[in-house]
Amino acid sequence: MADTRVTLSGLALDNPVIAASGTFGYGAEFARWYDLNVLGGISIKGTTAEERFGNPLPRVAECTGGMLNAVGLQNPGVKAVCERELPALAKVFRKPVLANISGFSVEEYVRCAEALDAQPNVGILEINVSCPNVRGGGMSFGTDPRAAAAVTRAVKKAAKKPVYVKLSPNVTDIAAIAKACEQAGADGISLINTVLAMRISLKTRRPVLANKTGGLSGPAVFPIAVRMVYEVYEAVKIPIIGMGGVSCAEDVIEMMLAGASAVQVGAANLRDPFACREIVKALPGTMEKYGIGSLRDVIGGAH
Amino acid sequence: MRKGLFAVEANRKIARGTYEMILSGDTGAFTAPGQFADLALPGFALRRPFSVCDLQGDRMTLVYKVVGKGTERMARLGRGDVLDILTGLGNGYDLARSGQTPLLAGGGSGIPPLYLLAKRLLERGKKPKAAFGFNTAAEVFYEDEFRALGVPVVTATADGTHGEKGLVTDAIKRCGGFDSVFCCGPEPMLRAVYDAADVPGQFSFEARMGCGFGACMGCSVKTKNGYKRICRDGPVLERGEILWRTQG
């Protein structure tokens, strides 16, 4: 019998498949189509202190093997998430969720973290220092080890629950940033966020996205994510949640071999709303095919 | 929303750059005209959304314009090909808010959903009339199909090669009276109809979508009733809630 259970900082997951932030909303849409409790976890849409509309349209573009988005952290603000979205999700999903937090200042990260830390169905705080689609926030914290460490330290001080820092791939040395977060007290690392990218329309001769640049996700970034998870695994001792283009059970196992203790599935949800469920369903058979009894045994197995 | 496999029954060119595809599969998720189907095409990361032109039992008709690589690929599909399609997406038009003599105003590839809408309005005893706008005579389609339903049609072409010379708003002037409007087309055309027809109206918006079912926030717009996702809360917006983008 294939054992798909994994743990993240003491939190037991039935399987390593977590719906990635920004591709699953607050779960409500998907809960109408299937029982979310088959998932290992859900990382909710990135939350900021105040409500945000996000960027002008177009916000999405396509490319071979993936897509670009520049949504710009549209969300109803932390108060509405705590009062409305999380209680609604608790009704259809009985497991702890990852609360994804973004901010434009250390103080804002702390404010959001304090509010979400107090929610009963939040299991892990996922600090997003890597959104490429907003100015003056997000990624500017995640491309400098000192800034990433400062956010981590401040949030860690304010929160009781495990703090995972979600890193940007748009750096030369992701391992150094992961290490800085670990030293600042992070309980785990999530990676990768999207890869900064651009498409240009031949008809208008202008960038397709109104924001000009966007974040690339989908199967095209999977090998980049695997490489970075591999590098970070060598640099830190804390658990890693691997993500970036995961679209099948084989990808989950490959990401875990690179060093991930759990895996998030993002862009695949947007092409197929049932993608996460299908991946969970395929895991035991795929494990059997490769002679894997327990998924915990493959974590970091490629090193 | 439902996900299912559809078989291509026919796929033919009906005007310059415009194709009519007939598919068979489970159409049970559709509840209103103006809803759309989201097609997964092999080799393309994102689905393609198309408002449904007609439904008859398990048969679904889509009329689409070739505008890029995805629709070029679609144009090469034929009988025997099978597509993964999400159905029953979007809100669709609200028939209960139609007047007795509604105007169906459509521009180019915005015309197809008005066909199923016309059928549903006729079933309810309404007397719809249609005003269409195209670029040129070679691109005109579906005039006869609407007339066969008993819907009077006035068409305008931008270059005057067919019908009135001008825009859909010029066609509207020759339609006579109407008490409500249903509209679908590119945004400048929606805006022109909004300005020209000061009656209760429902406007179907186009957008570049990520998912098509409300998850990614890729197609959000501001309305008088707050932020809405074109794919999930639309594509049809009521006249009274629309905030045109230039207004903020």
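As the structure is a prediction and not an experimental result, all values here were calculated from the model. Chain naming here is simple, since letters A, B, ... match the order of the sequence lines and numbering starts at 1 in each. Values reported hereafter were calculated over all heavy atoms of this structure, with side chains retained and with hydrogens, waters and symmetry mates removed.
- Taken to the nearest 0.5 Å, the CD atom of A:Glu62 stands 6.5 Å off from the CZ atom of B:Phe44.
- The list of ring-ring contact (aromatic ring centres under 6.0 Å, His included) pairs with a residue in residues 79-98 of chain A, not counting sequence neighbours, is empty.
- Note: A:Trp33 leads A:Trp33, A:Tyr26, A:Phe30 in heavy-atom pairs under 4.5 Å with chain B.
- Listed in order of number, the residues of residues 35-51 of chain A that approach chain B to under 4.5 Å between heavy atoms are A:Lys45, A:Glu51.
- For the pair A:Arg59 and B:Cys216, the minimum side-chain heavy-atom distance is 4.5 Å or more.
- Among residues 19-41 of chain B, the residues having any heavy atom closer than 4.5 Å to a heavy atom of chain A are, in sequence order, B:Ala40, B:Leu41.
- Residue contact with chain A, scored on non-hydrogen atoms closer than 4.5 Å, involves the side chain of B:Tyr227 exclusively.
- Atom CG in A:Leu57 sits 7.5 Å away from atom SG in B:Cys219 (nearest 0.5 Å).
- Residue B:Arg239 qualifies as enclosed at atom CZ: its count of foreign heavy atoms under 6.0 Å is above 12.
- With chain A as partner, the option from B:Met1, B:Arg47, B:Met209 having the largest number of non-hydrogen pairs under 4.5 angstrom is B:Met1.
- No other option in B:Ala207, B:Gly214, B:Gly218 has as many heavy-atom pairs under 4.5 Å with chain A as B:Gly218.
- Environment of CZ in A:Arg32: crowded, with over 12 heavy atoms of neighbouring residues, nucleotides or ligands closer than 6.0 Å.
- No other option in A:Asp272, A:Asn269, A:Thr23 has as many heavy-atom pairs under 4.5 Å with chain B as A:Asp272.
- In this structure, CD on A:Gln74 lies 8.5 Å from CZ on B:Arg229, to the nearest 0.5 angstrom.
- Identified by a heavy-atom distance below 4.5 Å to chain A, the contributing residues of residues 65-89 of chain B are B:Val67, B:Leu86, in residue-number order.
- Shown here for B:Ala45 and A:Gly66, the closest heavy-atom pair between the two residues is CB-O, 3.2 Å.
- Using a 4.5 Å cut-off between heavy atoms, B:Arg2 does not touch chain A at all.
- A cation-pi arrangement is absent between B:Lys3 and A:Phe274, since the terminal nitrogen or guanidinium carbon is not both under 6.0 Å from the aromatic centre and inside a 45° cone about the axis.
- Looking at every heavy atom in both residues, A:Met67 comes nearest to B:Gly210 through CE-CA, 4.5 Å.
- Here B:Met217 contributes atom CE and A:Asn75 contributes atom CG; the two are 9.5 Å apart, rounded to the nearest 0.5 Å.
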